[in-house]
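Heavy-atom basis, side chains included; hydrogens, waters and symmetry copies ignored.
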Protein chains: 2
Amino acid sequence: MLTLALTLALTVIIYHIDGLVNIQFGDYFEGFAMVKKRITMADVAAAADVSMMSVSRAMNGREGINQETRERILKIAAELDYHPSQIARGLVTRRTTTLGLVMPDVANPFFAQIARGAEDVAYAHDYNLFLINTAENLEREKRALDSLLEKDIDGAILCSSRLSQSEILSFLEKLPAAVLVNRELDLPDMRVATLNVNDCSGAMIAVDYLVAQGRKNIAMIAGPQTSISSQRRLDGYQTGLQTHGLPFSLELVQNCFPTTQSGEEAALALLKRCPTVDAILAFNDLVAVGVLRACLQMQKKVPQDIAIIGADDIPLAGLTNPGLTTLHIDLIALGEQAMFALLHLINAPTESAKTIVIQPELLIRESA
Amino acid sequence: MLTLALTLALTVIIYHIDGLVNIQFGDYFEGFAMVKKRITMADVAAAADVSMMSVSRAMNGREGINQETRERILKIAAELDYHPSQIARGLVTRRTTTLGLVMPDVANPFFAQIARGAEDVAYAHDYNLFLINTAENLEREKRALDSLLEKDIDGAILCSSRLSQSEILSFLEKLPAAVLVNRELDLPDMRVATLNVNDCSGAMIAVDYLVAQGRKNIAMIAGPQTSISSQRRLDGYQTGLQTHGLPFSLELVQNCFPTTQSGEEAALALLKRCPTVDAILAFNDLVAVGVLRACLQMQKKVPQDIAIIGADDIPLAGLTNPGLTTLHIDLIALGEQAMFALLHLINAPTESAKTIVIQPELLIRESA
DNA sequence: TTGTACGCGTTATCAT
DNA sequence: ATGATAACGCGTACAA
């Protein structure tokens, strides 16, 4: 009964294959649901009474076809609502106009902004983007990368990858192109660009500023010890202290996870351990907000008693009270740049690896 | 010279096709870079001295193959690091284990959280997710959906789609399954589930609470007029006022874009127009933060002079000072639920459309 | 300018 | 249990 009722609405196309008459229904079943049949190049060719090659040439804007026939074919294709199967095309061309975007967590505004910028540029160039969350989980990252490879992506952007150098390399060698964000490459590869924030310099600038403001007891809430950018910021912090003849002590450094919650706990611990601290450099803005809350709890006025400087300038940084002084980088632009670099590698291969470094700028609000 | 140097490192595989001897290099060039050759099923079959069908059966865990041979093939496949081409498989099976996630803006924490939840579940079920940003641009949304269709996705989640009902329907009929978030469907379809927040009820609850707190002049900063959820919240707001015998006036409603900036401007305009307002219902938390800033500017104490209630409970809501009282919904869980619903539609088709409604709960912090 | 034959890597069908 | 062959929808190479 069901079948009958549905069948009535079907269009029937009759065409010849190998001398046989084939009757094909316009729609087919998928589970209990009816999916509109996909129009193929053969359908268009039949309707336009030309060969599939002419349709192919017309659709892809290739040479070697009469302008009239091209327009006629295009018109018919549009009428039939024909959309070429990228998957069939990919099988033969080995290009899928599909890219991978791999990051620890899209819910983290830092990465969300990057994703936004990257997707915008990808869209503008007719590429689709696979979103992968690794959740900082190494196994998950590896499995996800394999799945991308199985889908024949043309390239990928890896953000803050946890993979070892050799794991990264073995992934990259199966890919036409890739961009590494927040990660460096030991062995330069002409198919791989790297894009890093100059965290070290940023931290030094922050220390300079704090010293100029008369701060003498500058502490740091660092990120996870595995985080490359945290290591670089710690470096800059130490160097900054040295430059100004300030003593460095491990007591002044507290690690935490890159969350507000964890930042708050770390700051609380730090402030109890070193009550004389008058400035705190935070791993990033999320952590800085945690520090802000800790100060509030400890009845420390910001910036009077304690100055706070964050990093990244996520939107949240401009919304706290007091507003967060932070090391600004344009994250959406960063995402765009990463995608530009990737597309460039894919479409106009260079001879040497590109190394992009982004310089953060101190954005002074109220917290320092 | 270059070619020569590289050629030395290549593995050479010789096999027979149609009686011809074919020599194929282990790697090939893509631009100037060398991509490791993809191992195919034929390679594995040759290495294991079986037919491709046996390899297929072994890899897919199908019946009809000797346990010993299966294990032998699997071992060889692993040694060769063989990964089946999902794209070739998709061409024949019409299933790509690929889904679409369409939203206005991943950089908006509301959607970022949903994306996070959805990706987690998709990953757990071995699906890959295409991320699409529409930027609230109708043309872009349509083009992006077409590109997804061309890539043969198995299904999609559409968040806050701007498409007309007929446009949505014509998209859906080409898809095996879909989930609509923040959007309803006129015509029930067994391949489509809808997932909506009960915004109307949420707004009513908020009004109830404000009235119970003694507020008498409750205004609303609504979202864009095209936003369905804004319309629903406005509905609840009006009904709530009526229930308590409070007068409704268009003067008390101000529309804005769903950003903090725009919310701030709208609140400023509203407060100048109606200085006696003692409570504001905001379209969402982003807007509510804008309202908070406007109050700060106008020297109005929150919640003493003015109470503010937001919506969605994005992470930011818990970080402002004062903390934002808001209509809480678990956004990550929402994303998970949407993805569960989609996978269910794909793998276990139901007979009737599923309509999921999420009930927000008032989360009282300090702003009201 | 247009068309034919074939292959991309896999699964389905039907033999054996 | 295993294999040969034909699709899937398209582009490339070459022929007409």
Checklist outcome for this item: Whole-Å distance, B:Ile87 CD1 to C:dG7 C1', equals 14 Å

Item to check | Atom pair NZ/CD1 of B:Lys36 and B:Ile39 - distance to nearest 0.5 Å | outcome: 8.0 Å

Item to check | Closest-nucleotide 5' rank along DNA chain C - winner of B:Arg57 and B:Leu91 | outcome: B:Leu91

Checklist outcome for this item: B:Ile65 CD1 to C:dA12 P, in whole Å, measures 15 Å

Item to check | Interatomic distance where CE belongs to B:Met53 and P belongs to D:dA1 [whole Å] | outcome: 13 Å

Checklist entry - To the nearest Å, how far apart are B:Arg38 CZ and C:dT10 P? => result 7 Å

Next on the checklist: When you measure from the side-chain N and O atoms of A:Arg62 to the phosphate of D:dT12, is any distance below 4.0 Å, counting only OP1 and OP2?
Outcome noted: yes

Checklist entry - Is it the case that more than 12 heavy atoms not belonging to B:Glu68 sit under 6.0 Å from its CD atom? => result no

Checklist entry - Using a distance-only test with no angle check, is there a side-chain donor-acceptor pair under 3.5 angstrom linking A:Lys151 and B:Thr97? => result yes

Item to check | Nucleotide C:dT1, atom P - distance to CD of A:Glu63 in whole Å | outcome: 8 Å

Checklist entry - Quick one: does B:Val106's side chain get under 4.5 Å of B:Leu101's, heavy atoms only? => result no

Checklist outcome for this item: Of B:Val92 and B:Arg70, the one whose nearest nucleotide on DNA chain D sits closer to the 5' end is B:Arg70

